[in-house]
Amino acid sequence: MFFEPSLLKGRAALVTGGGTGICRGIALGFAAHGCDVAILSRRAEHLEPTCRDIEARGVRALALVADVRDPSAVEARVAKAAAAFGRLDIVVNGAAGNFLCLAENLSPNGFGAVIDIDLKGTFHVSKAALPYLKERGGVILNISATLHYLGTPAQLHVSAAKAGIDALTRNLAAEWGRYGVRVNAVAPGPIAETEGVRRLLVGRARELATGRTPLGRLGTIDDVVRASLFLCSDAASFITGAILVVDGGLWLNSARILE
Ligand code: HXC
């Protein structure tokens with residue numbers, strides 16, 4: 001629990017990718033603050049344990065199996081979440097794919113898979129949720145990154161997708177403000193204990209990232225959860241189109257050439 005336990009009381013959220021990693025943390029953080037939570041993933045085995053942990057926090061949980069690349073499946077699952085909870089107030093677009101691959105070795109399908117999951121998936125889910133979010137003035141939170149602020153080797157596909165997500169965040173904020181719908185993003189740097197860091201920060205990279213981070217450590221899932229709770233709560237009621245970097249200052253320091 002990070003804020004008042006009633007911060008999101010009575011609200012309902014859908015978190016894609018909510019079975020594991022950062023988005024599991026967000027789902028549990030929302031639940032601890034009174035929010036019913038549906039989590040969506042391609043893999044059912046990722047969902048059940050997290051659903052039990054959501055329910056243990058005294059709210060309702062719903063497991064939804066779908067691939068965010070399939071717009072009609074997404075539409076049906078979003079409708080199911082809204083029907084189960086009687087409302088939908090918050091959508092977190094966290095479903096993502098990633099692997100290390102230099103651009104010269106990346107196949108069209110490899111590039112397309114990540115664009116389809118991260119960027120097009122965010123669009124499909126946001127569009128499907130709009131009719132429900134409009135009813136009470138809801139919130140969308142996209143999970144971005146900082147990889148695309150500079151050039152990150154072997155991350156062309158993810159950088160392009162996350163840059164697109166930033167554009168989508170700002171455009172939807174501009175278009176959907178008239179419905180009372182806010183659209184923001186968090187941009188985590190390397191977050192310890194996640195699949196992303198385990199797979200991406202190999203060799204000396206973890207040590208280098210820690211050393212270059214002004215705040216002197218990698219992030220934690222809870223660091224991202226706190227930022228997400230803020231942006232999805234009424235405390236951020238006049239904030240839309242924002243991309244909140246949660247990286248301990250790492251990206252600002254990444255191009256350091258002078259000591
Ligand atoms: C090169 C690869 C590859 C690899 C897959 N591909 N893995 N190319 N190197 N390591 C290529 C395949 O060869 C294929 O192209 C195409 O990608 C699709 O692969 P499939 O396995 O058929 O696709 P699919 O089953 O849909 O899997 C999607 C995936 C998957 C993205 C490729 O690996 C995935 O979902 N990964 C796990 C998700 C994950 O790690 N989530 C955490 C994200 S962390 P061809 O041409 O052969 O058909 C994150 C944080 C970023 O995003 C910030 C960190 C600091």
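Just follow the structure's listing: the first ligand is 1, and inside any ligand the first atom is 1.
- Not counting sequence neighbours, Phe85 has no partner by the ring pair (Phe, Tyr, Trp, His ring centres under 6.0 Å) test.
- Looking at Asp70 and His124, their side chains never bring a donor and an acceptor atom within 3.5 Å of each other.
- Taking the salt bridge (Lys or Arg N to Asp or Glu O under 4.0 Å) definition, one finds that Arg42 meets it with nothing, sequence neighbours left out.
- Note on Arg204 versus Glu207: salt bridge recorded, some NZ/NE/NH1/NH2 to OD/OE distance being below 4.0 Å.
- Residues meeting the salt bridge (Lys or Arg N to Asp or Glu O under 4.0 Å) test with Arg217, sequence neighbours left out: Asp223.
- Contact residues of ligand 1 (protein heavy atom closer than 4.0 angstrom to a ligand atom; sorted by chain and number): Arg42, Arg69, Ala96, Gly97, Asn98, Phe99, Cys101, Ser107, Asn109, Gly110, Ala113, Ile117, Leu147, Gly196, Arg199, Leu200.
- In this structure, Arg11 pairs ionically with Asp234, as a charged nitrogen and a carboxylate oxygen lie closer than 4.0 Å.
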